[in-house]
Structures are given as structure tokens and as C-alpha cells.
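Here is the structure we will look at, set down as C-alpha cells.
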Amino acid sequence: MFEIIKAEMLTDNIYKLVVNAPNVAHACQPGQFLIVRTDEYSERIALTICDYDREAQTVTIVLQAIGASTMKMLSLKEGDRFADVAGPLGQPSEFVHEDIDELKKKKYLFVAGGVGTAPVYPQIKWLKERGIDFDVIVGTKSRDTLILEKEMEAVAGDHLYITTDDGSYKRHGMVTSVIEDLVKNEGRHYDVCVAIGPMIMMKFVVKLTKELDLPTIVSMNPIMVDGTGMCGACRLMVDGQVKFACVDGPEFDGFKVDFDGAMKRMALYKTEEGRKLLELQEGDTHKGNCGGEK
Amino acid sequence: MGEFDVKVRVPVREQEPEVRAKNFDEVCLGYNKEEAMQEASRCLNCKKPFCVEGCPVSINIPGFIEKVKDGDFEAASRIIAESSSLPAVCGRVCPQESQCEGVCVRGRMGDPVSIGKLERFTADWARENNIKPRVNAERKNKKVAVVGSGPSGLTCAGDLAKAGYDVTIYEALHKAGGVLVYGIPEFRLPKEKVVEPEIENVKALGVKINTDYIIGKSKTVDELIEDEGFDAVFIGSGAGLPMFMGIPGEQALGVYSANEFLTRNNLMKAYLDNYDTPINCGKKTVVVGGGNVAMDAARTALRLGSEVHIVYRRSEKELPARAEEVHHAKEEGIQFDLLTNPKEILSDENGNVTGIRVIRMELGEPDESGRRKPVEVAGSEYEIECDTVIMALGTSPNPLISSTTKGLEVNKRKCIVVEEETGATSREGVYAGGDAVTGAATVILAMGAGKTAAKSIDEYLSGK
Ligand SMILES: Cc1cc2nc3c(=O)[nH]c(=O)nc-3n(C[C@H](O)[C@H](O)[C@H](O)COP(=O)(O)OP(=O)(O)OC[C@H]3O[C@@H](n4cnc5c(N)ncnc54)[C@H](O)[C@@H]3O)c2cc1C
Ligand code: FES
């Protein structure tokens with residue numbers, strides 16, 4: 001189990017893997033995630049499910065190397081095995097439970113930022129298979145960091161709007177300017193917006209969609225450990241209440257999420273992960289800082 | 001050994017406090033053969049053994065102790081195995097002072113017999129000498145699924161396998177053992193030496209363990225019955241969901257639930273250099289709570305190099321932790337700020353914890369638990385400077401199973417409702433026990449519940 005069937009480098013630090021994981025492939029739905037552990041010494045890393053094939057019993061995951069454990073994954077090849085793949089975890093996207101006829105009356109706007117494109121893909125695929133309308137905006141730094149363009153295009157056709165921060169490909173500018181363009185200038189109407197990407201992007205999308213009175217769902221990706229509601233590492237404030245992203249989410253009502261608090265919590269682990277990465281690259285000089293020692 | 005006073009228990013060897021405060025090796029070293037036989041000789045072999053009544057799984061205590069006294073350790077281990085499948089664990093973590101040892105007749109005039117330490121000795125001896133549990137040869141053609149591999153699940157699975165059933169455990173995490181592997185630290189319950197072999201013993205009975213398998217997500221309880229053809233299901237999924245106080249500042253950086261802190265260190269082995277898991281505990285740590293979980297978190301932080309304070313709102317007498325843990329924690333230099341309760345966690349502009357504001361408490365009238373209720377002393381607030389806060393306030397069952405199983409009754413604390421004598425839930429063929437039913441309790445109660453359910457499942461399936 002957990003064999004890597006296919007491995008593909010999408011950019012210089014984003015990797016796409018097709019993994020044999022019958023326990024996940026059998027049940028997963030758009031919106032859910034899984035947890036992988038590369039080997040005995042690795043952390044448990046939460047990753048969104050980008051695609052699944054129930055018959056072949058495989059799932060597709062897309063990962064960006066940011067810490068020690070994700071760096072390690074980059075060295076995996078076809079035929080290698082993960083120590084663990086557990087899931088699916090979290091709640092499926094809301095629309096999965098909705099009445100199809102009701103859904104057909106709605107129009108969805110998806111906003112994907114960076115690796116956030118990966119979790120958006122199964123959502124639009126699901127909707128497309130059921131004949132539901134949507135537009136998709138994909139934003140990324142530049143042409144080199146754009147991922148899954150062909151796959152997205154195959155599903156979304158001319159409903160796909162790509163924008164780059166530096167203008168090196170297609171539109172120039174942030175995803176928010178595309179939203180403004182579509183809604184304000186072209187007068188398009190949407191019933192629901194789904195925004196998935198870096199925390200800061202989601203924060204600004206929500207700021208705009210609030211003004212536009214466009215209900216917005218965001219997918220939160222805080223640090224997780226177990227993914228089953230046991231540790232509370234993934235907690236965030238939603239509407240003034242403590243929620244656990246792994247069991248209550250990962251998707252939440254964007255208007256109610258405390259983004260600033262969530263971003264601060266990310267920062268802690270970023271530096272810890274960063275330290276781990278340094279340790280991996282430079283040797284054993286960065287372990288922990290307990291007792292204030294180095 | 002010096003002069004033997006029959007009223008006093010044979011002392012057990014331990015690592016010195018100054019030494020162990022800096023390592024993760026087991027604190028208590030246990031008895032050797034001679035010490036165990038001498039301690040066993042203190043047992044009065046009572047006609048009416050209160051200790052057995054005090055034991056949630058009714059181990060034949062005088063029976064096994066008599067064998068220890070005679071030096072027949074294999075026979076002693078077989079007697080324990082009749083009632084318990086995890087004796088090396090229980091000998092280390094049971095609250096003996098409020099169970100078997102609490103009612104030992106020897107305790108009326110002196111020290112009670114060290115039943116826990118003798119159980120531990122016997123189980124360790126059996127493991128070191130490769131004594132394996134015996135299996136019932138007669139196989140029954142029926143399948144039972146067990147959800148969760150903590151003490152309740154392992155016990156239920158072990159008993160059913162012994163009775164000839166085909167048993168599969170489904171475990172959400174990557175390692176079997178439940179709290180025994182992710183919660184209780186190495187220095188109290190060694191993983192490779194003690195927990196893993198006990199789990200291997202359960203496997204040796206024919207039990208299959210599927211890790212990385214989340215019931216309610218990968219498959220639901222209904223799918224186990226309908227698609228996978230299980231004839232009965234036992235739910236022993238524990239009570240893992242940590243509670244927070246709801247005070248300001250709990251989202252600050254450096255505030256952990258005890259479960260996160262302990263999981264990072266125990267399951268994910270952050271304390272070992274060759275593991276990738278980060279753990280961040282600073283110069284001074286405040287642990288909030290007074291149970292075993294709080295003691296474990298505090299003593300872990302201490303070993304990682306931090307100064308540690310325990311903040312608990314009642315007095316020493318009410319500390320729910322095992323007496324031995326409190327004693328060890330004090331010896332190691334952990335400070336107890338008793339009758340004190342947090343009001344707010346303070347942090348700097350980057351959101352890092354800088355301290356905790358607390359208020360003094362005094363004990364008022366007894367509350368529904370019979371303990372005197374702590375009330376705030378007006379105007380007594382003060383601040384404790386610290387950079388890490390660990391919340392050890394208790395846990396409740398997670399909703400993964402209750403929210404995905406049709407017709408499974410839960411109470412308002414999200415605990416699964418069962419018939420106490422049988423462990424039967426509101427769903428036919430579905431049984432439950434352990435922390436998932438009681439809320440956070442003890443290893444031995446979870447084992448007791450697993451046993452009860454195994455017996456009921458056997459009766460249910462025999463009648464089918
Ligand atoms: C830090 C700490 C210290 C403790 N110290 C002591 C002590 O000294 N003495 C004592 O007697 N007790 C102690 N306890 C309490 C004791 O450990 C528990 O009461 C006992 O482990 C409960 O057993 P259980 O089988 O009900 O559940 P658990 O041990 O919690 O096991 C449940 C298992 O089920 C798994 N699971 C949950 N949901 C699912 C799902 N949907 N699908 C599949 N698997 C699932 C979990 O991952 C877990 O492995 C302590 C607890 C903690 C946290
Ligand atoms: S990841 Fe541990 S509770 Fe969510």
C-alpha cells in the first residue's frame with residue numbers, strides 16, 4: 001500500500017504524486033484532505049486531495065516543499081512508498097450534500113491561489129460532471145509557478161481566468177482585480193464564491209466579496225498533527241468560537257473566520273519548520289529551543 | 001537488603017530525581033526477583049480478598065502473589081493473563097492507591113502490599129522470558145470489528161480472539177496503542193520495551209490491526225456491517241478532543257493542548273534528534289490542570305529544559321493525578337501553584353505568550369462531585385511570567401463516529417450511551433466502552449469495559 005504510482009515535478013518546488021491509497025480513494029469527496037508520513041522519522045503532513053480514482057484506488061496529491069518533511073518528499077520516486085496515508089479527513093464541500101436541482105440554479109465563482117489550485121480542481125470537476133455552472137480564477141506569482149493549467153482548462157474551458165502577479169502570463173494582477181473585473185465591469189452574478197489559497201489571499205478575497213455581498217467559503221490549512229480532532233493544533237476562531245479545522249472544516253464561512261489570528265498561528269510553525277529545514281541543510285545545529293538554549 | 005519490617009513495603013528502585021529530570025528513561029526501575037519475592041511474602045492471602053473487589057478486572061491478586069512468593073513467575077503471569085491482557089501497562093499506570101492497594105488489609109497497620117509493582121514485575125518477567133498467551137484452538141466463523149486500539153479496543157479484541165473470533169482493529173493513527181502511545185510519556189511507560197510487546201501479544205492471538213484507518217471517514221460503522229460483513233462492532237475510540245478554557249489569549253503562540261504537546265513528543269518523538277517533529281517549549285512553562293495528563297505534560301516540559309509551574313484551582317488533596325506522579329513531579333522540581341486559576345493569557349505584539357494572569361481561589365461548599373468548590377478570592381489577581389502554556393483541562397469524545405453512525409445514541413457530552421452491564425449501544429450488534437463512553441477515565445476502566453463488551457458480543461453472536 002501507499003506506493004507512488006506516478007511522480008511529476010510541476011514547478012521547481014511543487015510536486016504531483018499519484019499514490020495507491022484504497023482507504024482514501026474509496027470514500028473521499030471534494031473538499032477533504034489526507035495525512036501522509038514519508039517515513040518513520042517524518043511528521044504527519046496534511047495535504048489536500050487533488051484528484052481520485054476509485055477504481056484504480058489512487059489519489060492525487062500536490063505538495064509544495066516548505067519544511068523538512070515536505071523537502072524529504074521531493075526525493076521520492078515512482079515505486080517508493082509512503083509509510084502512511086490516512087484519510088479522507090475533514091468535511092466534504094457543502095455542495096456535495098446539496099440538492100442537485102437547487103445547485104443547478106446557482107453560479108459558483110472559484111478563486112484559486114498557488115497550490116490552492118489543487119483542491120479547487122476536484123470541486124470544479126464534481127460540479128462539471130453534474131452540469132453546474134462556474135467560473136474559475138487562478139492566480140499565481142508568475143508563469144513558472146502556474147500549476148495544473150491543462151487539467152483546469154480541460155474542465156473549465158473558457159470559464160478559466162488565469163492571472164499572474166508579475167504579468168508574465170495571461171492577465172496581470174491579483175485575483176481580487178479579476179473578481180472586480182468580472183463582477184463590476186462585466187456585471188456577472190455569482191451566488192457563492194469558493195476561495196482557496198494562501199491565507200493572505202483568502203483574507204483579501206473575503207474583504208472584497210463582503211463588499212460585493214457575495215457569500216464566500218474558504219479552506220483553512222493550519223498546522224495539523226493528528227487530523228482527527230485529538231490535538232487542537234489546528235484550532236482557529238470562527239464567529240468567536242474555537243473550531244478545529246480538521247474535524248469542523250477545513251472549509252468555513254469566510255466572513256466569519258479570524259484570518260489575522262490564524263496567520264499568527266501559522267507564523268510560529270513557519271519558523272519551527274524553517275529551523276528544521278536549516279537543520280536538514282546545514283546539519284544538527286538547529287534542534288529546538290527548549291530551555292532557551294541553542 | 002537491610003532489616004525486613006513486615007509492616008513496610010520493600011522500597012522500589014528509581015532513577016535519582018536530579019538525573020531523571022534530564023532524560024526520558026523510565027523513572028521507576030521496578031523490583032528484581034529477590035525484592036519481588038520478599039514483597040510478595042507480605043501478602044496475608046486473605047480469605048475474602050478486598051483487593052480483588054477493588055480491581056476493575058478482578059485479577060486473582062492473592063493467587064498470583066502467592067506464586068511470586070514461591071518464585072513460580074510463569075504461573076503468576078498465567079493467573080494475571082486470565083483477567084488482563086496488558087499487565088505490564090497496568091502495573092505502571094493504574095491508580096492502585098484508590099483500587100486494589102487502597103483496600104489491602106495490610107494497609108490498616110502499615111503499608112499496603114505493593115500490588116502494582118508486583119504485577120509489573122511479573123509481566124516484565126513474562127515478557128523477558130517469552131511467555132506467550134494461550135489461544136483457544138476452536139475458531140468461530142464470525143467477524144468482529146474493533147474501532148480504536150487503546151486499552152479498551154485491545155482488551156476487547158484480545159478476549160474475542162481468545163474466544164475464537166476473527167477480529168480486526170481499525171486505528172486512525174499510524175501506530176496502535178491509543179493514549180498508551182500518544183499520551184503517556186516514555187519515562188512512565190516505555191513504548192518499545194513495554195507497550196509494543198503487549199500489542200504484539202494481542203496480535204499473536206490472531207488480531208489484525210489496520211492503522212491509518214478512520215472509521216466514520218474511510219469507512220462508516222454501517223459500511224463495516226453491510227459491506228465488510230462484520231457480525232458485530234466494538235467502538236473504543238476514546239475521548240481525544242481537548243477542551244480549552246475559553247479565556248482571552250488562548251490562541252496565542254505558545255499555547256498548546258496537553259494532547260498536542262504530548263503527541264508531538266511521544267507519538268512523533270520530538271525529543272529524539274533523528275525525528276523531524278518540531279516542539280517549542282521555552283524557559284518557563286505553565287501547565288493548567290491537576291490530573292495525570294497535567295503531570296505528564298509538566299514533567300515532559302521539564303525534561304525538555306523548561307522551568308515548570310502547575311496551576312490548579314483546587315488544593316493538593318483534590319489533585320486527581322495518581323499519588324506517585326504528584327510525588328515524582330515534586331521530587332523533580334516542578335512547582336505547584338495550588339488554589340490558583342487562570343483568567344487570561346498574555347502575549348506580545350507578535351502573538352507570542354509572555355505570561356498568564358491568574359487569581360487565587362479558596363475552597364467553599366462541597367459541589368455535586370462532593371469536593372469543596374473553589375471560589376475566587378476577590379482582588380487577588382497576579383501575573384506569572386512564562387513563554388509556554390499547556391492546557392490540560394480534560395477531553396471529550398470526538399464526533400467522527402457519532403456524527404456518521406445512524407441511530408447511535410450519545411449524551412450531551414457526546415459520550416456514547418451504553419447499557420452498563422453489557423456495553424450494548426442503541427444499535428443492534430454495536431457495542432462501546434472506555435473513554436468513548438465514560439469520558440476521560442483510566443486505562444483499567446477502559447480495559448474492564450472492553451472485557452465486558454467482549455463477553456456480551458460473544459453471547460450475542462453465540463445466540464445468532
Ligand atoms: C497524558 C495521559 C496520561 C494518562 N495517565 C493515566 C494513568 O496514569 N493511569 C490511567 O489509568 N489512565 C491514564 N490516562 C487515561 C487513560 O489513558 C485512558 O482512560 C485510556 O487510554 C482510555 O482507553 P480507550 O481505549 O477508551 O481510548 P484511547 O486510549 O483514547 O484509544 C482510542 C483510540 O481510538 C482511535 N480512534 C479514535 N477515533 C477513531 C476513529 N474514528 N477510527 C479509528 N480509530 C479511532 C484513537 O486514535 C486512539 O488510538 C491518561 C491519559 C492521558 C491522555
Ligand atoms: S489536527 Fe489535531 S485536532 Fe486537528
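Each chain gets a letter, A, B and so on, in the order its sequence line appears, and its residues count up from 1.
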Chain A contacts, top residue of B:T211, B:T388, B:N398, B:L241 (heavy-atom pairs, under 4.5 Å): B:L241
Which atom of B:S218 lies closest to which atom of A:G87, heavy atoms considered: OG-O, 2.6 Å
Contact origin within B:N350 toward chain A - heavy atom pairs under 4.5 Å: backbone
Distance, nearest 0.5 Å, that separates CG of A:L34 from NZ of B:K217: 13.0 Å
Other residues, nucleotides, ligands: >12 heavy atoms within 6.0 Å of A:E94 CD: no
Neighbour count >12 (heavy atoms, 6.0 Å) for atom CD, B:E192: no
Portion of B:L400 that has a non-hydrogen atom of chain A nearer than 4.5 angstrom: side chain
Portion of B:I214 that has a non-hydrogen atom of chain A nearer than 4.5 angstrom: side chain
Side chain / backbone / both / neither for B:E250 at chain A, heavy atoms under 4.5 Å: backbone
Cationic N near anionic O, under 4.0 Å, A:R37 to B:D212: no
Greater than 12 external heavy atoms within 6.0 Å of B:K22's NZ: no
Interatomic spacing from CD1 in B:I215 to OG1 in A:T228 - rounded to 0.5 Å: 13.0 Å
Taking every non-hydrogen atom, the tightest pair across A:G232 and B:S257: N-OG, 4.5 Å
Heavy-atom check, side chain of B:K269 versus side chain of A:Y41, under 4.5 Å: no
Portion of B:Y182 that has a non-hydrogen atom of chain A nearer than 4.5 angstrom: side chain
Heavy-atom neighbours of B:K414 NZ exceed 12 at 6.0 Å: no
Contact summary for B:P242 and A:M230, nearest pair of heavy atoms: CD-O, 3.4 Å
Interatomic distance, B:Y275 atom OH to A:E43 atom CD [nearest 0.5 angstrom]: 13.0 Å
Taking every non-hydrogen atom, the tightest pair across B:Q251 and A:L236: OE1-CA, 4.0 Å
Between A:D226, A:V85, A:V24, A:D39, the one whose heavy-atom pairs under 4.5 Å with chain B are most numerous: A:V85
Heavy-atom proximity to chain B below 4.5 Å, by part of A:A21: neither
Option in A:E40, A:M237, A:Q32, A:Q241 with maximal non-hydrogen atom pairs under 4.5 Å from chain B: A:E40
Under 4.5 Å from any heavy atom of chain A - which part of B:A258: neither
Between OG on residue A:S42 and NE2 on residue B:H174, distance to nearest 0.5 Å: 10.0 Å
Max heavy-atom pair count under 4.5 Å with chain B, selected residue of A:V247, A:N23, A:V225: A:N23
Rounded distance [0.5 Å steps], OG1 in B:T263 versus CZ in A:R44: 9.5 Å
